Number of protein chains: 4
Amino acid sequence: MDATSPRRPHTGRRRSDAAREAILDATFRLLSSPASDAVTIDAIASAAGVGRQTIYRWWPTKGAVVADALARHARAVVPERHTGTFTTDLQAFLIDSFAGLQDPAFASRLRQIVSAAQQDEHVARVLTDFTAVRRAALRALLQRGQDAGDLGPDADLDMLVDMAYGVLYYRLLVGHAALDESAARSLATELARSGR
Amino acid sequence: MDATSPRRPHTGRRRSDAAREAILDATFRLLSSPASDAVTIDAIASAAGVGRQTIYRWWPTKGAVVADALARHARAVVPERHTGTFTTDLQAFLIDSFAGLQDPAFASRLRQIVSAAQQDEHVARVLTDFTAVRRAALRALLQRGQDAGDLGPDADLDMLVDMAYGVLYYRLLVGHAALDESAARSLATELARSGR
Amino acid sequence: MDATSPRRPHTGRRRSDAAREAILDATFRLLSSPASDAVTIDAIASAAGVGRQTIYRWWPTKGAVVADALARHARAVVPERHTGTFTTDLQAFLIDSFAGLQDPAFASRLRQIVSAAQQDEHVARVLTDFTAVRRAALRALLQRGQDAGDLGPDADLDMLVDMAYGVLYYRLLVGHAALDESAARSLATELARSGR
Amino acid sequence: MDATSPRRPHTGRRRSDAAREAILDATFRLLSSPASDAVTIDAIASAAGVGRQTIYRWWPTKGAVVADALARHARAVVPERHTGTFTTDLQAFLIDSFAGLQDPAFASRLRQIVSAAQQDEHVARVLTDFTAVRRAALRALLQRGQDAGDLGPDADLDMLVDMAYGVLYYRLLVGHAALDESAARSLATELARSGR
DNA sequence: ACCTAATCGAGACGGTACGTCACGTCTTCGT
DNA sequence: ACGAAGACGTGACGTACCGTCTCGATTAGGT
């Protein structure tokens, strides 16, 4: 007998996971449309075949739903390849990262999440988590490079990571320059030179 | 007469410029508040002592008003100092740039402009112009460094510029790391090493 | 084994009379509050400490619950006194009837039952039964008067009854005039004169 | 010049009388349907070709709209005929009053207004006003009868009025007896006898 | 002493109406 | 003829109840 367990952990009907999934799927689908004002509670509810109240029962805010919908797809692959040398690994990482943004739906969602994060704390947290995973992956890659002597011992790896992702977000959001393979190569070159 | 006073004394006809100023001032003031949903057409109109229609007569969209209101303050100084050496110039530039974001109102406005730019083309254009000026300033600084031999001849200056501002925007928008003087110094170090 | 009953008499848990009582009590209590929108299925259920489904299992409609809750209290005394003369009996009857409405809870319930009866057939039936009992009592009183010669032989007793209760309901529902003792006396006078 | 008049009586677009009429007409039309839950703000708005907000701009509550919609039809004829003798005038008045309720739509609306008046103060006021006009008409008729000696000098005319209308409302709301011509005649007889 | 089945409190479900807010358009009147 | 005031139609928002549908727990026969 566990004294800390409540006597009655739950009564009543259980939360419908089908509804939860449907809501998050519908939200994600709507987020992929370029029109950012398509994401309406009504639209989500009717696309999910769900009552509006069911959404409000579980999420305090539209932003929170959006955040959850994005978070469950954030597990998506962080491109991580071990091709052999540090330089090619870094290049591959950046090329893959940039390439992902060629999908207009993904670029649109990423722009929307950054935008929404400025107004909604739930989305902000998702953005923080989302980016942290990617930063950690890149940092591990750089760490391996440093351990192998490809980067100098006094290189500020965290700053290098932010320089890399900074270029990605800066160009994504301002749109003044391309995020193509050649940009990825050039960025890789500068980063590798930097930490040396 | 105080141009910054919130209440514009009632004027008759032919004072359209006064109304225009009042609208842009009010919009800018509202943009400086941390609450991003404070910027309402109604709020602007009543803060400016202006009819709503007067706003719509001159601007097609709320975003356009916001864009204009931001643009007129975008002339703000780009920190440019010639302290002698490339390294100290670059450090000073970045320190000054980061320092500007310590003002919460400025940081808030910058976040809002990036956010709004994702949904409104007028704001997007303002953001592009705003950042272009700063990129040009930094690029000129780097160019002087390259000319002086502080940066290698094959350094991709545009990429270095984006790496610098990328860090600034990335941290501003995601908020995972500080934008303080020590960060500026570290960034300057990595950038200088990179282009060498 | 009972050959005549084709099916099992009953299996499983029996209906909880405690729940039934609690529901009707709670409903009656809520009906006594002046706020007519206080009578909610949720409010009844939680006031009775009962699940909502338990209500719906036994009553088809909120109106039916209300009807039942009212019906069990409808047995309340019909003021019937034999003071001796017809005139004083009639006066006493009307004074008592009017006096009952001085209780705000009773007046509120009576108003609500009339109101609800217009939309719900269950309540309508209860109202019909409730009033029929009272009409019968008053009619018997008048009949005694007619038999004793206090009312003429051609007096329409049913109409006189409706004239008496009509005043009560009309003033209760419209609220343009008081239902006090003096009104009761005046009404008794006019009624007695009428049937003569 | 009137010192009490405001300096600026009105600016801006004027209230649309067409919208007002359309709203009240649509509400009245919906009220005439037997289903009392047909009267929805949405239904009113769309039947009137009007935005929902336009309704809320001018009426605080659905009940207030309903009240107004009913009030504008309350001017409907109060049956007043001078046929010569008091007895026939009274009979005609009551016969006409009862006859009006043969129209199911009118009876339904009257039931709904009494019902709604118990929950909404706006409707209550309309009901009070509506009935006051009719009471006044009947009272004037009785007054003429009293002046002519058809009713005794000590008859309580207000009570007689309430006895008459009381029968009408009581039977309308409880439904236990008919409101036909024969009832009107019998009521007239009893009333005339009463006041004598 | 089980087994079966109906009821219990609890509470989530898909809906519908509510009343509020902001939008962008359209009158009206005063200057 | 411009500008403030403000009403207009529209549509999303978040809340309150509705009546239905699960849950695990409880309770009363029948075996």
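In this text, all values refer to a predicted model and were calculated from it rather than measured experimentally. Throughout, protein chains are lettered first and strands after them, A, B, ... in sequence-line order, and every chain is numbered starting at 1. Note: hydrogens, waters and symmetry copies are ignored here, and every other heavy atom, side chains too, is used.
C:T54 is linked by a side chain to side chain donor-acceptor pair (under 3.5 Å) to nothing, counting only residues two or more places apart in sequence or in another chain. D:E21 meets the side chain to side chain donor-acceptor pair (under 3.5 Å) test with D:R72; sequence neighbours excluded.
Using a 4.0 Å cut-off on heavy atoms, the residues of residues 32-47 of chain C that approach DNA chain F are C:T40, C:I41, C:D42, listed by number. Contacts between residues 52-62 of chain A and DNA chain F, counted as heavy-atom distances below 4.0 Å, involve A:R52, A:Q53, A:Y56, A:K62.
Here the CG-NE2 distance, from C:L70 to C:H122, works out to 13.5 Å after rounding to the nearest 0.5 Å.
Remark on DNA chain F: of its neighbouring residues B:G51 and D:R15, the 5'-side contact belongs to B:G51, judged by nearest-heavy-atom nucleotide.
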Could you list all N or O pairs between the protein and nucleotides 26-28 of chain F that sit under 3.5 Å apart?
{"unit_1": "F:dT26", "atom_1": "O2", "unit_2": "C:R13", "atom_2": "NH1", "d": "3.2"}

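In this structure, D:D120 places its CG atom 14 Å from C1' of E:dC18, rounding to the nearest Å. Per the geometry, CG belonging to D:D17 stands 14 Å off C1' belonging to F:dC8, to the nearest Å. Distance D:R20 CZ to F:dC8 P: 11 Å, rounded to the nearest Å.
At least one donor-acceptor pair closer than 3.5 Å links the side chain of C:S32 to the backbone N or O of C:F28. At least one donor-acceptor pair closer than 3.5 Å links the side chain of C:T128 to the backbone N or O of C:A124.
Residue pairs meeting the ring-ring contact (aromatic ring centres under 6.0 Å, His included) criterion with at least one member in residues 32-58 of chain D: none, sequence neighbours excluded.
Here the shortest heavy-atom pairing between D:L24 and D:V65 reads CD2-O, 4.0 Å.
Taking 4.0 Å as the cut-off between side-chain N and carboxylate O, D:D68 and D:R20 count as a salt-bridged pair.
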